[in-house]
Amino acid sequence: MRPKKAKKIVFKSAEEMPLMICSVGHQTHNLTGAWRNIRPEIDLAKCIKCGICWKFCPEPSIDIVDEWPVVDYDYCKGCGICAEECPSKCIVMVEERR
Amino acid sequence: MRPKKAKKIVFKSAEEMPLMICSVGHQTHNLTGAWRNIRPEIDLAKCIKCGICWKFCPEPSIDIVDEWPVVDYDYCKGCGICAEECPSKCIVMVEERR
Amino acid sequence: MSQETKKDKKMTLTIPPEELMACGHLACQGCGATLAMRYMLKALGQKTALCIPACCWAVIDGPYPYSSMDCPVYHCAFETAASTATGVKAGLEMTGDTETTVVAWAGDGGTFDIGLQALSGAAERNEDIIYVCYDNEAYMNTGIQRSSATPYGAWTTTTPVKHFKTRPKKDIVAILAAHRIPYIATASISHPEDFVKKVKKAKGIKGTRFFHVYAPCPTGWKSRPEDTVKLARMAVQNGYFPLFEIEDGETYTINLKLKDKKPVDDYIRLQGRFRHLKPEQIAAVQADVDARWARLQKLSGA
Amino acid sequence: MSQETKKDKKMTLTIPPEELMACGHLACQGCGATLAMRYMLKALGQKTALCIPACCWAVIDGPYPYSSMDCPVYHCAFETAASTATGVKAGLEMTGDTETTVVAWAGDGGTFDIGLQALSGAAERNEDIIYVCYDNEAYMNTGIQRSSATPYGAWTTTTPVKHFKTRPKKDIVAILAAHRIPYIATASISHPEDFVKKVKKAKGIKGTRFFHVYAPCPTGWKSRPEDTVKLARMAVQNGYFPLFEIEDGETYTINLKLKDKKPVDDYIRLQGRFRHLKPEQIAAVQADVDARWARLQKLSGA
Amino acid sequence: MKKVIMGNHALSYGAMLARSQVIAAYPITPQTQVVELLSEMCADGKLDAQFIKVESEHSAMASCIGASVAGARAFTATSSQGLALMHEMLHWAAGGRHPIVMGNINRSMAPGWSIWADQNDSLSQRDTGWMQFYCASNQEVVDTVLQAFKVAETLMIPVMVILDAFALSHTYEVVDVPEQALVDTYLPPFKPEIRLTPADPRAFGGLTGAEHYMELRYKLERDMEKAPALIEETGREFEKIFGRRLGLVDAYRCDDAEFVFVTSGTAGYTARAAVDDLRASGLKAGNLRLKVFRPFPFDKVREVLGKVKKAAVVDRNCSYGAGGIFCQEVKSAVSGRTGMPAVFGYVAGLGGRDITTDSFKEIAADALAKDRPEEEIVWIGVKK
Amino acid sequence: MKKVIMGNHALSYGAMLARSQVIAAYPITPQTQVVELLSEMCADGKLDAQFIKVESEHSAMASCIGASVAGARAFTATSSQGLALMHEMLHWAAGGRHPIVMGNINRSMAPGWSIWADQNDSLSQRDTGWMQFYCASNQEVVDTVLQAFKVAETLMIPVMVILDAFALSHTYEVVDVPEQALVDTYLPPFKPEIRLTPADPRAFGGLTGAEHYMELRYKLERDMEKAPALIEETGREFEKIFGRRLGLVDAYRCDDAEFVFVTSGTAGYTARAAVDDLRASGLKAGNLRLKVFRPFPFDKVREVLGKVKKAAVVDRNCSYGAGGIFCQEVKSAVSGRTGMPAVFGYVAGLGGRDITTDSFKEIAADALAKDRPEEEIVWIGVKK
Amino acid sequence: MVEIRFHGRGGQGTVVASKILADAIAKEDKWVQAYPEFGVERRGSPVVAFLRIDDKQIYDKSRIYTPDHVVVVDPTLVEAIDITEGLKPGGTIIVNSDRRPEDFPFHGKFKVRAIDATAIAVEHKLGSLAAPIVNTAIAGAVIKILGLAGFESLAAAIRDGIPIKAEDNVKAARVAYERA
Amino acid sequence: MVEIRFHGRGGQGTVVASKILADAIAKEDKWVQAYPEFGVERRGSPVVAFLRIDDKQIYDKSRIYTPDHVVVVDPTLVEAIDITEGLKPGGTIIVNSDRRPEDFPFHGKFKVRAIDATAIAVEHKLGSLAAPIVNTAIAGAVIKILGLAGFESLAAAIRDGIPIKAEDNVKAARVAYERA
Ligand SMILES: Cc1ncc(C[n+]2csc(CCOP(=O)(O)OP(=O)(O)O)c2C)c(N)n1
Ligand SMILES: Cc1ncc(C[n+]2csc(CCOP(=O)(O)OP(=O)(O)O)c2C)c(N)n1
Ligand code: SF4
Ligand code: SF4
Ligand code: SF4
Ligand code: SF4
Ligand code: SF4
Ligand code: SF4
Ligand SMILES: [Mg+2]
Ligand SMILES: [Mg+2]
């Protein structure tokens, strides 16, 4: 996967832009976590490591760290699918408090 | 059917032409008989009036006159279908001699 | 029967006598497409509006300021037979004419290829039009280039003998059937009575109706003009182009059962466009015809 | 099992771990189309070239000069997914790359409507591309207008409640089957393992391969984002969107047999776009689903 | 009755008040609200029309053509890619003399995908035989649709009513929506002399040989040349009934002006604001907003510019390899005539880049600094 | 090697000698022989290319675009309705910087159906960002296709090579068909810096906001402006290798001319014959044939016309409501400049109406009789 | 001429708020111009809308760069972006928040007014708990604070513009109008 | 410059005749220009083709209105249309016919030469009896009568241009060349 938190691209002039209309940067610069109204919180105690939350995350913003599911809040949009699909109901969606 | 041998249309000026691009005359002005290389000749003695020649003429240039099939040589292109399809083989295609 | 007695005998007419298509038109000698039009108009009568896209028929009708037709004709853009007809129908209705039958009349190229999307859209919306595709299996008006209706094995100017068409003909009827429109029928210029009967039936149905009409083309098929009707008849009788109807995309009815289905060989040999085919290739054609016929019988529950 | 012992347990991964689609993209919360892409790329890997016409995905990928993909993407015109992909494939081959899988990735509007002709043409020529239609049953990118994939009963901004869509959804799979292409499959974002398996299978086949992928859209369906996967699963289980394959347009295989087929009611009720439907209208939906399921079983000889 | 509505809805109201009989359209950002509202109007019975929800813009125009030749009043709306996809049918509608009215939302052409404003979409259609009316306010949009049908049906030539993406299409403004009864007095029903009907069977548009084609096109051009007078006349007529004037151009403070902007669309309104500022700072500035681009209002343009020293044409478009299109045509119109100003060409606002009063001040400064144009075109507000 | 071939086959030979790698085309009269011969060349292995037999011109251009971005040399050919149907994709090819070369046979636009020559089809594409090269002989057609690829690939801008229906497309002339070996020295293989490949994964043409779009279009315009010099240079290079000069214009007896025709296409050759006759009858006439219309050869045109008293632009086209297109652009080019001639505009030869040496004499007589143009355009050879 | 900029997130009805206000103000025979920032709006992503008000016809069609006032529909944006950008000195910032004006960094530099529109929306069951729709409450506060129009004009505008739960919205607006 | 007009019917190869002649003449380093009348050609319908020949490059691209010579490939056209239209005084008319030149109405006004190309085509089994293909025979007669090129150039042109039955066609051309 592309490096996360890629840098923003700023062209100072037309000269700097490639002749073709093509990407030169990664969309991961865009931290979609800011869109979130509700956040998923995983209670690993109940987690059975079935991988289902990881499988169904549309971003994807559930990483597997040391064989545990970890939400990347920089990108998680708070759709709630992981919580909905988790068979052992160990993900709860809580209101964002910023 | 449209009157045969309709008259040719000649516009003397743009003024005379309708504003819309539409027909004002009949294509029957065009005597396609001139295209013919071979002409069908019907031997009415053998004719059983089955109407098949009339039915299959693509122009159509076989008329029914007094209940007999009559080729209209002004339009007949000499395709030979009538002769081919006539069940009693009473149509022969003969070379045009002009 | 002597000439005398015969004099009083009437001519046998198995199709309506009215001619809405006049002679003087610009079709080649022995043009099948022309017969198709003649028959359809006999069935529909004068209250018919034709939308004809680019195709041989755009020429056959005759040049400006003439026409061979007794009914109104709109010569429309190549890919717009269905969409123009849809508009004409709506326009006539909104101006008080609910009676006139609106017909989109297109060739195989205008139907299978460049006009397919407009046709599919109209069918999906079930527009109240009759769409007739006269199929001469190539782009004839532009000088015989391949279309997706060109059958396996055929030569065209864009499928030269060394690269003859190897893909099968697109199954337009199955595609339309998938749209579940109220009525679909195949027809052949060799069977005018059957064609006329089905057009009259279609006229009485509301919604999108589709006809696939087989129309041999001596110029494009390199066949003899006098063989036009014969070729069409052979295609029906050997199962190459069977006659059938489909109602609501579901109910199949075979109009002409084939007791002794003929082999395709003679049919192939009469056409210059197939001259290069080797026996095994002709066998391939035969196999395809048999498979299609079997499938059709299955669908029609025969 | 205690946390201690669990620590050593590996996460169960039922689909490939590689992510070729990165986060940061512009899809709405709970977008089904996004999952579809994620799964397909997992199956195909990096040697994939995507042709994406106008559709939500043209936005999801991210604005210039960014992209969320790890494989090349050509954002092409709305109606040209198939024709652009055809050109890309030819171009890659002529420049020595015969390996890369070229994928046309379009929405239902770009597939069922404005892109149908290009798709049909490519299929008829059996171009060597994979065409994936992610189906969210309307034009979502432009704000939820009806497409010919919009199902009976659905509200959209162009089929207001008073004029909700009464025509059935166009049967795109049957249309493609009529083209007799080597491989066709349906898939659902609720069944990633099945989807991945079939994409890998398709990758090994030459010619035109078509996927019809069910991708719920919370924004357009007025459903809750968290229900996206659930809705897709329901549609599979109630026969609304069955999972099956078609080889050579002939051989049907149902991938998920439905012993106890569920009713459509709950599925309907979860979606705001159907809120206005009366019981008898829901019954009509049920009847259609049952009929389609029966037809599919017949075709698959089940 | 006054309403605060967006430009797209102004188009829908215009089509409704004109009693459009057949609408065939396809959605595209930023036009979608036009068709959405029209769908509702049909559903609610507010508009007695058949709405054909076609599968592409090419079909939309084809269906409008079919409806029009059958004698119905036909309307559609689109934008950018959709307009471009219609291109063949635009030629068709004009050549076939089908008086369709179409709304087009000015959106720049892909690639890259852009949903934002510029005029390359509509100006790329300048040679299709359509009349082109550019609007600057939502009020003008409603009013212009009504006039468009009147002019189109009188001359049997289609009209494109054009508004900028977002700056008009999505901007809410106060609009005085005309009364239906008054509209009916202004715009009579569409009753063409010749139409497609079995009662008068004719073939339309058959193969036309070299001996006829040119005369038919000559007739189109001659009728097109009648448009300017007719637009002024129907504009005055409109004013009598509705109190708002519609015309070929909107000349603002040009009479005593030494320096004039030549503009179109919403930029033509922003230019007014700029003119006031420039006047305040002592420059005798003016603004000539071209309301009608096709047919090109030769006489009006020459009349107004004939009194001016310098003119700066501001193009929200570019014909690559030739420059700004309005500039090119204005230059051509004044070419070889005495007493005409030096014409300076500027390209600004492509792909939705904003055109502000400052843009106009920058343009004025540039033009005033030079005594004659040095380049074919000067690009404003671009990071070179 | 000398051959007597038709113009359409000249296009096919050009595409073959250029070693086109992908061809996607759709048949249309009067272009069909181009694709027919190319099909044969592929079948016979004379040309190692993939020929995609698409189902429409819209797809033809889309496939060419796909092939080009993947790094292949792409060619297509079409005419009139087909070109119009490509319109959206023409904008695409240019905006996306895809150096495709396309042959277009000038055929007038329907309705009524006409398969005969005029330039409305190609000139309606003048704002799409394509370069346009107009040819006057079959020799020029073959040569121009080769130059077109060279120029297109250098600037990454597509080129349209244009020839009149029948008068060129179906006319057999003697053509010196270049040797493949020599062509290969003139035209190197296509090797774009950036192309679509998994080896360098990029997204092409994504959503482009107001902060970027204009700069990308500015780059296109600036590169387009490099074309005139490049065309002259590659034309001289061509002459070195093949002995035939290719350039922006063909100025015939203009140096000492007082009266000059401005022409294009085959009419530009007939005009030469007319010039000789007029010279014989004592008039110092000349002919400026515009070989390249996009980018517009501003400098060349001004240079040649700067020495002339009167110029008569002959347009085989009409932008309804604005007049002949060449005339409009020539007028614009000389506008506001001193020492430029009075420019008279004439429309002739629409829908295949013949343009003869007599037509030119009639035009000359008209222009010489007036001291300045009275109408926007004068129609020649039309039954008014 | 008064120029106002609105900051919110997709799904909160920020654009509708500006439109309702325009409508209300127009009812008092003023000229108005309301438009969204022209981009891709996704639920939760930042959105901007603009409102121009004048006694005479408004010709300037360019975007607003130096607003007289700023309305912040979603407080979380205060940290995310510079909502004061271009704001005229002495301009008013109206924030939807339960915090006190002093709590905001830009307090002092600008007039700051806080209104807990979210609470009001929740009270009136507008939208969901996770995503309450605050536009009408905001509108109520804005016309009061900036004195743009009378409440009845706003009420009428809400009834025209928001068919569903119209009266609850009017109530919410009134509460905000009063609390502001 | 020499200008020649050909009259025939669709299917007889009139256009090919003009093209073959152009080819043959070009082989002798002349400039040529051959083109059909631009219309819809149907088997049996009248068709026209043109041929220009000159020692220097031909710039005139307009149609031929006053030909120096006329070639009538199909004799039945003599009655159908005025084949002498625009023909320059003293011009030659070459007719495919078994009749004698004197039998033609325009004999006297113009030089008339008759050649029974049909018979020659039939002798060499070119085309069918109903529709013999006479183009090569005609070509043979034309170059001889008008002295446009040597026979070998024509033979070469035929071999290049007519792959099928090339030799029979060359024979037919030679016979015509000799009989003419
Ligand atoms: C957009 C467009 N592309 C191409 C053409 C050229 N064209 C006219 S008719 C035709 C072929 C028609 O084939 P078909 O539909 O099978 O009818 P047929 O000529 O065989 O009767 C073509 C390619 C056109 N008129 N318009
Ligand atoms: C020729 C053309 N017409 C219309 C549009 C506008 N448009 C862009 S995306 C879209 C809808 C796409 O719908 P779909 O294919 O179902 O994809 P979705 O947005 O639902 O993902 C439309 C109508 C366009 N870009 N081009
Ligand atoms: S779905 Fe639930 S149980 Fe399965 S891995 Fe995720 S958190 Fe653990
Ligand atoms: S809430 Fe949605 S986006 Fe966030 S981690 Fe769960 S599935 Fe992914
Ligand atoms: S087909 Fe033969 S038998 Fe029958 S009517 Fe005609 S001529 Fe007589
Ligand atoms: S030969 Fe052909 S055209 Fe003539 S009458 Fe017989 S069928 Fe008709
Ligand atoms: S080419 Fe074929 S279809 Fe066309 S007119 Fe001739 S015979 Fe009929
Ligand atoms: S609208 Fe639907 S399909 Fe499009 S991005 Fe949002 S959720 Fe996905
Ligand atoms: Mg055909
Ligand atoms: Mg969709």
Side-chain angles (χ1 to χ4, degrees), chain D residues 20 26 45-54 58-97 99-102 104 114-115 117-125 127 129, chain F residues 19-24 26 48-74 76 88-89 91-93 95-96 98 100 189-192 194-213 215-216:
Chain D
L20 283 97
L26 296 183
Q46 200 268 335
K47 279 199 186 309
T48 304
L50 290 170
C51 298
I52 304 180
V59 173
I60 296 170
D61 182 35
Y64 175 88
Y66 305 104
S67 173
S68 304
M69 303 296 153
D70 255 354
C71 58
V73 177
Y74 192 81
H75 288 286
C76 61
F78 193 18
E79 57 281 67
T80 65
S83 44
T84 305
T86 297
V88 167
K89 182 66 185 177
L92 288 174
E93 279 183 0
M94 292 305 296
T95 52
D97 175 353
E99 214 183 331
T100 299
T101 308
V102 178
I114 203 166
Q117 192 158 287
L119 168 57
S120 175
E124 185 262 332
R125 300 186 302 271
E127 301 292 352
I129 59 172
Chain F
R19 299 189 184 279
S20 303
Q21 293 167 293
V22 174
I23 297 159
Y26 193 75
D48 174 22
Q50 288 201 28
F51 193 140
I52 307 169
K53 283 147 195 172
V54 288
E55 72 296 332
S56 81
E57 289 86 355
H58 196 281
S59 289
M61 187 48 63
S63 294
C64 286
I65 288 168
S68 183
V69 76
R73 184 168 285 163
T76 186
E88 181 193 14
M89 302 319 293
H91 281 277
W92 203 284
H98 305 302
I100 296 152
F190 177 43
K191 293 254 171 282
I194 296 178
R195 64 191 202 94
L196 184 122
T197 166
D200 174 23
R202 295 168 181 272
F204 291 80
L207 187 66
T208 305
E211 67 279 24
H212 291 125
Y213 185 93
E215 278 69 25
L216 290 163

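Throughout, a chain's letter reflects where its sequence line sits, starting with A, and its residues are numbered from 1. Here the structure is a predicted model, which means the values were calculated and not measured. Hydrogens, waters and symmetry mates are skipped; everything else that's a heavy atom, side chains included, is used.
- Between the side chain of F:Gln21 and the backbone N or O of F:Arg73, at least one donor-acceptor pair lies under 3.5 Å.
- Proximity of a side-chain donor or acceptor of F:Thr76 to a complementary backbone N or O of F:Ala74 within less than 3.5 Å is not detected.
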F:His58 and D:Phe78: ring-ring contact (aromatic ring centres under 6.0 Å, His included), yes or no, with the steps? CA-CA 11 Å; F:His58 196 281; D:Phe78 193 18; over 10 Å; no

Trace of the side chain to side chain contact (heavy atoms under 4.5 Å, CB included) decision for F:Met61 with D:Thr84: CA-CA 9 Å; F:Met61 187 48 63; D:Thr84 305; over 6 Å; no

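- Side-chain atoms of D:Thr86 do not come within 3.5 Å of backbone N or O of F:Ser63 as any donor-acceptor pair.
- If you measure heavy-atom distances from F:Val69 to chain D, the contacts under 4.5 Å come from the side chain alone.
- For F:Ala49, the part lying under 4.5 angstrom from a heavy atom of chain D is the backbone only.
- Per-residue heavy-atom pair counts under 4.5 Å with chain F were compared for D:Gln117, D:Met69, D:Glu99, and the maximum is reached by D:Gln117.
- There is no contact between D:Glu124 and chain F, counting heavy-atom distances below 4.5 Å.
- Atom OG in D:Ser67 sits 10.5 Å away from atom CZ in F:Phe204 (nearest 0.5 Å).
- Heavy-atom pairs under 4.5 Å with chain F peak, among D:Thr95, D:Ile52, D:Thr80, at D:Thr95.
- Heavy-atom distances place the backbone of D:Thr48, and not its side chain, under 4.5 Å from chain F.
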Step by step, work out the side chain to side chain contact (heavy atoms under 4.5 Å, CB included) result for F:Trp92 and F:Ile65. CA-CA 8 Å; F:Trp92 203 284; F:Ile65 288 168; 3.9 Å; yes

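- Put simply, the side chain of D:Asp97 never gets that close to the backbone of D:Leu92: no donor and acceptor are under 3.5 Å apart.
- For F:Asp200, no part lies under 4.5 angstrom from a heavy atom of chain D.
- Contacts between F:Leu196 and chain D at a heavy-atom distance below 4.5 Å involve backbone atoms as well as side-chain atoms.
- With respect to chain F, the highest number of heavy-atom pairs below 4.5 Å among D:Ala85, D:Ala58, D:Ala82, D:Cys76 belongs to D:Cys76.
- For F:Glu211, no part sits under 4.5 Å from any heavy atom of chain D, backbone or side chain.
- Looking only at heavy-atom pairs under 4.5 Å with chain D, the residue among F:Pro198, F:Ser56, F:Ala70 that has the most is F:Pro198.
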